Amino acid sequence: MSFCRNAALLLLILTICVNGERPSSSLPLSRRSLQQSSPNDDSSSTNDKSIVSSSFSSAWPPWPFNLLSPTTTTTTTRSSSSGWKNRAWQQTRQSLKVAARHTQQLTSSLYMHLPPAAHPFLMIACIPRHQKIPLFSNPLARSIGLASMGMAIVSWAHCDWYRQKSLVPLPLVYPDVHRAILPPFLPETPPLEVNTRNKDSSPDPTTNRAGIEENRNQWLPFRHKWSSISKIPWPLSRRWQTMRQKRHMQRLQERRRVIYDELVALQTLKRQQTMKHEDTKEPLGYALVTGASKGIGRAIAVELARWEIPLILVARNIDRLISLANDLENCYGVKCCVLEADLSKPHVAERVYKTTQEAGLRVDILVNNAGTASHGIIVDQPLKEVNQMLQLNADSSAVLSNLFGHEMKKRRRGRILFVSSVSGTVAGISTLALYSATKAFQNSLAVALAKEMEPWGVGVTCLMPGAVEDTDFSKNTDNALCWKIPFYPKKPQIIAKVGVRAMLLGETEVVPGWQNRFFVKVLKPALPQRLHNVIAETAWNPIRPPFQNSHRPGLDAENQNHNKSPTPPAPARPSNLGHFFSQPGPQRLPRLLLLGPEPNEMNDGAKVEVDPSDLSHDHYDEDDRSEPVEGTSDFK
Ligand SMILES: NC(=O)c1ccc[n+]([C@@H]2O[C@H](COP(=O)([O-])OP(=O)(O)OC[C@H]3O[C@@H](n4cnc5c(N)ncnc54)[C@H](OP(=O)(O)O)[C@@H]3O)[C@@H](O)[C@H]2O)c1
């Protein structure tokens, strides 16, 4: 009995450590497998895309089978005995992976519901009963450990199981969220040009040391692990470094091109199949993603496109949005609209809502992702920047959630995802004060909103990533310690996968990465506030010599720059768009939405308060917003 219990607890701890957010399968189909033709396939079409697509059914992974009719699948599956065996083995492996993911999710979710003080008692309960260790073999401590485990189960059953049951499922193309096998993720590749931003003396990138160093640090694999020793003179020639870097970037470009071709081929195949079998499902509305032009927002947009959800992409950089929308339409066949909006300005969130209403676009999923962070002490930041950050990180997300949330409540279905941060769980990180405060606002809002929207079947999720590489945020704080911890920074793709899956399942809080979960659930409750603040501050600040880790960047910078002349502003970064998205394939113009007019301004320039009845809900009955009454048909 004791052995079983200890084994179960050990399994629990192990599964928490092995987190379940890795990509579900090594997806990209090889070009070779696509070009083998299967005897059962109809390869009569002559265009080059359908030549590739004709052999999709003989390839693994089985995601294209979701799109094929059952007859086609059966015929192609049994075409050769070795292929059949191989496929059977692959399917078994896939089922095992799904089972493992289920277990991981269950245990990790149970763990998230443990009361904070339970951890030491739970550890005591893990020690075998026959080992008489003084203090640790205390029966009271054991009982408390087991009782907290029981509380975790009850809490999980109430929060997750009951709430997920009450949520209204979205009409997804792949309805089983746990078992869905999606098409490959379209990666973003770096530009093929050598970065010459930090010019030493010569503009030639092969002789420009700073440019080479920066590029090497930026794009070479394991850069975070090795960047701390990047000051050591590199033993190889600069020419060799440049060649190696170029080759690496070319490989990434090539990988993206292969995936792009495969996805376009899949679309061709899907179009042929859809002509035969009409889809009778009620369509899902749009997913509106703010800050979709790059970083985590772009990854979330691609992930939603993999689920075949139509998109409205919102950001300031319209060129990037149009390129992304073209890519998603070509590769995943989803409808994409783009909307240029600066959410750091007042009333823009309302105008975004109005624009979608006037265009007749029904938003079923809202992703509040757009956000910025500024590093430094708060009193030294210009007031304009402070206002913009508050507006973007806090105000806009609350306003959008209010407006679109009301629509979802009325339709009784929908999901809202807040892209917050682990720093929002720490009570104040100096040098990131405003950022962590706005993220704490989002965390709190998301959890409360989740409870409020539950009776109407609308799910609200708060995604709390830690350090995410390949984003502008990571470039701004490049010398912080957290980027140098091996295996800690995550790719935006992983964050998007975890976040979108949790959102579709209706989970309230999700923390990607076992290191972050350990910090939020173990270190934070176990340590005094001052200590966990120190951990967070150390992680988000540059490494300093011992005993000087004072985190006073403003003061240090002041001391350092006391006698120096002011540095000239950095030159504007060149646009890399041409390289990012110069891809083959048809380029269509996505549906371009134009932001509605600004609210009236008075003659003296002062802004007039926007009348809420003018912005929204005026076409609804005020009764619609009232609480449901128990016993009536409104109450769920
Ligand atoms: N990277 C991390 O380590 C990390 C960790 C935890 C949480 N997060 C959170 O994740 C979210 C996305 O961050 P990220 O790392 O992907 O940052 P990012 O690479 O800088 O991307 C930010 C996105 O927001 C958009 N945006 C910025 N200002 C905007 C404005 N005023 N109006 C409309 N859109 C605006 C940007 O597009 P345009 O420039 O084209 O407008 C861009 O698409 C943020 O909320 C951030 O707090 C990031």
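In this chain, numbering begins with 1 at the start of the sequence shown. Keep in mind that what you see is a predicted model, and the values were worked out from it rather than measured. Remember, it's 1-based here, ligands and their atoms both numbered in the order they're listed.
Contacts of Leu595 classified as side chain to side chain contact (heavy atoms under 4.5 Å, CB included), with partners at least two apart in sequence or in another chain: Leu339, Ala341, Val348, Arg351, Val352, Thr355. Applying the side-chain hydrogen bond (donor to acceptor under 3.5 Å, both in side chains) criterion to Ser423, with sequence neighbours excluded, gives Ser421. Listed by chain and residue number, Asp342 satisfy the side chain to side chain contact (heavy atoms under 4.5 Å, CB included) test with Arg316 (two or more places apart in sequence, or in another chain).
With Glu308 contributing its side chain and Val334 its backbone, the two residues share no donor-acceptor pair below 3.5 Å. At distances below 3.5 Å, not a single donor-acceptor pair connects side-chain atoms of Thr356 with backbone N or O atoms of Val363.
Look at Arg415 and Asp364 and you find no salt bridge, because none of the NZ, NE, NH1 or NH2 atoms lies under 4.0 Å from a carboxylate O.
Residues lining ligand 1 at a heavy-atom distance below 4.0 Å are given as Gly291, Ala292, Ser293, Lys294, Gly295, Ile296, Ala315, Arg316, Asn317, Ala341, Asp342, Leu343, Ser344, Asn369, Ala370, Gly371, Leu392, Val419, Ser420, Ser421, Tyr435, Lys439, Pro465, Gly466, Ala467, Val468, Thr471, Asp472, Phe473, Trp483, ordered by chain and residue number.
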